[in-house]
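One structure below.
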There are 2 protein chains.
Amino acid sequence: MLTIGTLAKRTGTKVQTVRYYEQVGLLPEPDRTEGGQRRYGDSDLDRLAFIRHARQLGFTLEAIRELLDLSDNPNRSCEDVDRIAHHQLKEVEVRITRLEALRKELTRMLGECSGDTVADCRVLEVLRDHAACLTDHGQGA
Amino acid sequence: MLTIGTLAKRTGTKVQTVRYYEQVGLLPEPDRTEGGQRRYGDSDLDRLAFIRHARQLGFTLEAIRELLDLSDNPNRSCEDVDRIAHHQLKEVEVRITRLEALRKELTRMLGECSGDTVADCRVLEVLRDHAACLTDHGQGA
DNA sequence: CTTACAAGCTACAGTCGGTAGAGGTTCAAG
DNA sequence: CTTGAACCTCTACCGACTGTAGCTTGTAAG
Ligand SMILES: [Zn+2]
Ligand SMILES: [Zn+2]
Ligand SMILES: [Zn+2]
Ligand SMILES: [Zn+2]
């Protein structure tokens, strides 16, 4: 039986985060000592390691919830699993595309700035006027 | 004099967002009609357009606040401006690097999956065991 | 057996950058 | 004068945690 601190350390998680995952239903409510402290077993360790690894790969908690549900049915086709992973891949690719456009614009405006006064700063000029940009940069950060 | 709705429309912003920017001190408190409605001038239009464009390029509101402050001193050197933009560029590059590693792992695990049962799904196998990965993928999403 | 203290507990606030809704008021056109 | 879109304030919510305050529990040494 593991304490929450040991479980957290073994999976590279913060203690509060473990409690948070329990709160949102990703981890089951564990056994408690008489005094009310949580005690975990190996299945909790595996489950939490899975969650953390999926998070590192960018899956949302909602997607992870689905993946965990699916992995409880070993005989089913894995097409839903692969669909979720494929969706995640697409999201990553969209973000890369956007960020590469941003990199280009930022590199360009910095390269064009003479480093003189604020009044002449090319960076500020571009920020004031999107017409000075080469790309659209649609929504959000 | 512009209403908040017109100002929002001209800058591609939501009305609530304009009020939010005022609340966090990025936009000055505008004049009001007798009835208490906000009325904006052209300087507000310029300032909001600047904010929105900088957001599209991924700058944080905190960075934008600094940029706006700096642009009020036209005679100063623009080195602080360029430093902020350079920092933003670095951040974008870090994110791209991380996302490219994720893309690689996701592509690989999807490519290795035979699409058979959940019990054999390569995607789930990899998620269960980071040792099956080629890269580290450090922190967070 | 007592004491000390690390580690646990709950509950709540804050992060970032907005977004949505409730419930009420004002403006401008007809 | 009436209508109704647009405005107002206030509050709560999103994701995925993180941090703090103020207690309580578990454990090991003396
Ligand atoms: Zn410059
Ligand atoms: Zn632009
Ligand atoms: Zn599969
Ligand atoms: Zn991995």
Side-chain angles (χ1 to χ4, degrees), chain A residues 1-27 29-40 44 48 50-68 87-88 91 95 98 102 137-141, chain B residues 1-27 29-40 44 48 50-68 88 91 95 98 137-141:
Chain A
M1 284 302 194
L2 307 166
T3 64
I4 194 170
T6 310
L7 181 74
K9 199 163 290 179
R10 294 234 189 127
T11 54
T13 316
K14 304 218 166 171
V15 167
Q16 299 104 302
T17 305
V18 177
R19 289 196 281 247
Y20 170 73
Y21 288 158
E22 177 186 330
Q23 196 191 316
V24 299
L26 272 177
L27 287 176
E29 292 187 24
D31 294 338
R32 301 268 187 156
T33 62
E34 299 231 329
Q37 297 194 358
R38 292 169 178 80
R39 291 296 181 265
Y40 294 94
D44 297 306
L48 181 53
F50 183 100
I51 293 168
R52 292 309 290 171
H53 194 212
R55 284 294 297 134
Q56 289 186 332
L57 287 158
F59 289 89
T60 64
L61 294 188
E62 195 46 47
I64 294 169
R65 199 189 306 276
E66 287 187 66
L67 290 170
L68 285 166
H87 176 75
Q88 173 60 16
E91 283 247 313
R95 281 200 259 165
R98 240 217 325 265
L102 298 193
H137 12 253
Q139 341 296 350
Chain B
M1 285 301 194
L2 307 165
T3 65
I4 195 171
T6 311
L7 181 74
K9 198 163 291 177
R10 293 233 190 128
T11 54
T13 315
K14 304 218 169 172
V15 167
Q16 298 105 299
T17 305
V18 178
R19 290 195 282 246
Y20 171 73
Y21 288 158
E22 179 185 329
Q23 196 192 313
V24 299
L26 273 177
L27 287 176
E29 292 186 24
D31 294 337
R32 301 266 187 158
T33 61
E34 299 233 326
Q37 298 196 357
R38 292 168 177 83
R39 290 297 181 265
Y40 294 94
D44 297 306
L48 181 53
F50 182 100
I51 294 168
R52 293 308 290 169
H53 194 213
R55 284 295 297 134
Q56 289 186 332
L57 288 158
F59 290 89
T60 64
L61 294 188
E62 196 45 48
I64 293 168
R65 199 189 308 275
E66 287 188 65
L67 290 170
L68 285 165
Q88 172 60 16
E91 283 247 313
R95 280 200 259 165
R98 227 182 80 65
H137 11 254
Q139 340 296 349

When the distance from [atom1] of [X] to [atom2] of [N] is rounded to whole Å, what number comes out?
{"X": "A:Gln16", "N": "D:dT18", "atom1": "CD", "atom2": "P", "answer": "8 Å"}
{"X": "B:Tyr20", "N": "D:dC13", "atom1": "OH", "atom2": "C1'", "answer": "14 Å"}
{"X": "A:Phe59", "N": "D:dA16", "atom1": "CZ", "atom2": "P", "answer": "13 Å"}

Any donor-acceptor N/O pair, [X] side chain to [Y] backbone, under 3.5 Å:
{"X": "A:Thr11", "Y": "A:Leu7", "answer": "yes"}
{"X": "B:Gln88", "Y": "B:Leu57", "answer": "yes"}
{"X": "A:Thr33", "Y": "A:Gln37", "answer": "yes"}
{"X": "B:Arg65", "Y": "B:Val24", "answer": "yes"}

Any base atoms under 4.0 Å from B:Arg52, or only sugar-phosphate, or nothing? Heavy atoms, all strands. sugar-phosphate

Apply side chain to side chain contact (heavy atoms under 4.5 Å, CB included) to residues A:Tyr20 and A:Leu26 and explain how you reach the verdict. CA-CA 9 Å; A:Tyr20 170 73; A:Leu26 272 177; over 6 Å; no

Given D:dT18, is OP1 or OP2 found less than 4.0 Å from the side-chain N or O atoms of A:Thr17? yes

One thing to verify: whether A:Glu29 and A:Arg38 come together as a salt bridge, which I'm taking to mean a side-chain N less than 4.0 angstrom from a carboxylate O. no

Salt bridge flag under 4.0 Å for residues B:Glu22 and B:Arg19: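 No, no charged N to carboxylate O under 4.0 Å.
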
Each nucleotide in nucleotides 6-11 of chain D should get exactly one letter: B, S or -. Can you fill that in based on protein heavy atoms under 4.0 Å? -SSB--

Chain B footprint on DNA chain C, 5' to 3' - any atom under 4.0 Å from a heavy atom: C:dG17 to C:dC27

Using distance alone, with no hydrogens and no angle criterion, decide if A:Arg52 and A:Tyr21 have a side-chain donor and acceptor under 3.5 Å apart.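 The answer is yes; a qualifying pair exists.
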
